[in-house]
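Below: the structure, in structure tokens.
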Amino acid sequence: MQTILITGGTDGIGKGVATHFLKKGDRVIVVGSSSAKGELFLREARQSGAKERAFFLQANLSLVKENKRIIEEIKSRFNSLDKIVLCATSHKTRKEYSETQEGFEFSFGLSYLSRFVLSYGLKDVLENSLNPVILNVCAPGMNGTVNLDDIQYKRNYNGGKTKYHGSRLNDLLGVAFAQNDTIGKVKYILFNPWAVQTAGTFDAIENPVLRSITKLLYKTVGRPVEEAVLPIISLLENPPTPSLSAYKVWKEVSLAMKTFDKENAQKLYNQTVQLLKGVKA
């Protein structure tokens with residue numbers, strides 16, 4: 001029986017992956033911000049006979065201190081982790097710049113910083129298992145550059161650009177993790193699910209006309225969660241050999257793309273470490 005941690009595991013892709021591995025007989029820990037959705041996950045697990053293998057941890061992962069709390073709770077309750085699936089994100093595109101209580105731009109804190117802290121913070125627990133994997137659901141395979149002079153987009157803020165920038169940050173997170181890992185046991189996979197029919201995608205769109213257009217578009221090109229999770233499950237059950245790999249749905253993404261620049265990855269890593277030093281315990 002494997003032990004799998006899934007952030008954003010009460011909704012969409014995260015819940016789809018969680019449901020699959022519970023049915024398979026594995027132990028599944030989901031982290032989410034909504035206690036109501038967490039209770040629903042646990043209730044569904046009880047109804048399916050998986051009560052003893054389902055766990056829910058409530059947390060606001062946009063905060064570094066909450067990620068660190070989750071790390072400590074995982075370490076105190078479980079000797080090892082086999083897989084980590086990083087799905088936590090916000091579908092809402094914020095019109096105005098907003099910060100967390102710790103002074104980080106919200107999307108940066110939730111979609112990048114959380115994944116950085118959990119990836120490194122749980123590395124030793126992963127290494128206690130036989131074939132550990134981190135799968136980071138972001139958007140590799142897309143062009144773009146990282147603004148190393150303003151990684152949080154605090155200047156000239158644009159909600160849509162900031163969210164897209166977060167995926168480029170995660171590209172470099174994977175590169176730095178692999179090149180800084182002297183043990184090399186953990187397989188780090190960057191995964192782009194492309195268009196997925198999840199309710200949150202539509203609910204976050206305030207303009208009713210744009211919401212209707214998006215629903216129509218996703219109905220045409222988007223895939224249901226049940227289908228979208230299939231390549232994720234395949235990668236988790238049969239991870240690639242390299243320490244770092246990237247996929248856009250079923251197709252492997254070339255790490256020769258400029259978005260995976262090793263020098264930029266190390267610069268971003270160093271900046272992130274410095275930012276985290278300023279967070280009060």
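Predicted, not measured: the structure shown is a model, and the values here were computed from it.
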> What's the shortest heavy-atom distance between K185 and L130, and which atoms?
Replying inline: CE-O, 3.5 Å

> Are any side-chain N or O atoms of R53 and backbone N or O atoms of L22, one a donor and one an acceptor, separated by less than 3.5 Å?
Replying inline: yes

> Do E72 and K68 sit within salt-bridge range, that is, some charged N less than 4.0 Å from a carboxylate O?
Replying inline: no

>> Rounded at 0.5 Å granularity, tell me how far CG in L118 sits from OG1 in T7.
In response: 6.5 Å

>> Under 3.5 Å, is there a donor on one side chain and an acceptor on the other for T259 and R168?
In response: no

> Considering residues, nucleotides and ligands other than K258, do more than 12 of their heavy atoms fall under 6.0 Å from its NZ?
Replying inline: no

> Would you say the side chain of R69 lies within less than 4.5 Å of the side chain of L63, judging by non-hydrogen atoms?
Replying inline: no

>> One pair to check against salt bridge (Lys or Arg N to Asp or Glu O under 4.0 Å): R43 and E39. What are the steps and the verdict?
In response: CA-CA 6 Å; R43 183 163 66 249; E39 284 303 316; 5.9 Å; no

>> Can you confirm whether D124 sits close enough to K75 that some side-chain heavy atom of one is under 4.5 Å from a side-chain heavy atom of the other?
In response: yes

> Do K154 and E99 pass the salt bridge (Lys or Arg N to Asp or Glu O under 4.0 Å) test, and can you show the C-alpha distance, the side-chain angles, and the key distance before you say yes or no?
Replying inline: CA-CA 9 Å; K154 288 192 172 187; E99 288 188 344; 3.4 Å; yes

>> I want to check something: taking the side chain as every heavy atom from C-beta on, are V85 and F191 in contact at a cut-off of under 4.5 Å?
In response: no

>> I need the D26 CG to K24 NZ distance, nearest 0.5 Å.
In response: 5.5 Å

> How are the rings of Y97 and Y157 set to each other: parallel, tilted or perpendicular (split at 30° and 60°)?
Replying inline: perpendicular

> Please walk me through it: do F116 and Y269 pass ring pair (Phe, Tyr, Trp, His ring centres under 6.0 Å)?
Replying inline: CA-CA 9 Å; F116 182 98; Y269 171 83; 5.8 Å; yes

> Between Y153 and S107, does any side-chain donor sit less than 3.5 Å from a side-chain acceptor?
Replying inline: no

> So, does S234 use its side chain to make a donor-acceptor pair with the main chain of L230 at under 3.5 Å?
Replying inline: no

>> Let me confirm one number: the CD1-CG distance from I84 to L86, rounded to the nearest 0.5 Å.
In response: 6.5 Å

>> When you compare the side chains of N136 and Y188, does any donor N or O come within less than 3.5 Å of an acceptor on the partner?
In response: yes

> If you measure from the Lys or Arg side-chain nitrogens to the Asp or Glu carboxylate oxygens, is any gap between E44 and K15 under 4.0 Å?
Replying inline: yes

> Do other residues, nucleotides or ligands put more than 12 heavy atoms under 6.0 Å from the CD atom of Q101?
Replying inline: no

>> Could you check whether any side-chain heavy atom of V146 comes within less than 4.5 Å of a side-chain heavy atom of N264, counting everything from C-beta outward?
In response: no

> Does a donor on one side chain sit under 3.5 Å from an acceptor on the other, for H20 and E226?
Replying inline: no

> Short question: side chain of S129, backbone of L126 - any donor-acceptor pair under 3.5 Å?
Replying inline: yes

> Rounded to the nearest 0.5 Å, what separation is found between the CD1 atom of I70 and the CD1 atom of I29?
Replying inline: 10.0 Å

>> Do the side chains of K123 and D181 get close enough for a salt bridge, i.e. N-O under 4.0 angstrom?
In response: yes

> Say you draw a straight line from CG of D11 to OG1 of T89; how long is it, rounded to the nearest 0.5 Å?
Replying inline: 11.5 Å

> Taking the side chain from N170 and the backbone from G166, do they hold a donor-acceptor pair closer than 3.5 Å?
Replying inline: yes

>> Just so I know, are the side chains of L276 and L113 near enough to count as touching, which here means a heavy-atom distance under 4.5 Å?
In response: yes

> Do Q152 and L275 come close enough that some side-chain heavy atom pair is under 4.5 Å?
Replying inline: yes

> Going by heavy atoms in the side chains, are N192 and M142 under 4.5 Å from each other?
Replying inline: yes

> Is there a ring pair (Phe, Tyr, Trp, His ring centres under 6.0 Å) between F78 and F55 once you walk through the steps?
Replying inline: CA-CA 12 Å; F78 304 96; F55 302 84; 5.3 Å; yes

> Under 3.5 Å, side chain of R46 to main-chain N/O of F41, donor-acceptor pair present?
Replying inline: no

> With side chains defined as the heavy atoms from C-beta onward, is the minimum distance between I6 and V28 less than 4.5 Å?
Replying inline: yes

>> To the nearest 0.5 Å, what is the distance between NZ on K187 and OG on S243?
In response: 6.5 Å

>> Is a donor from one side chain sitting under 3.5 angstrom from an acceptor on the other, for N60 and S33?
In response: no

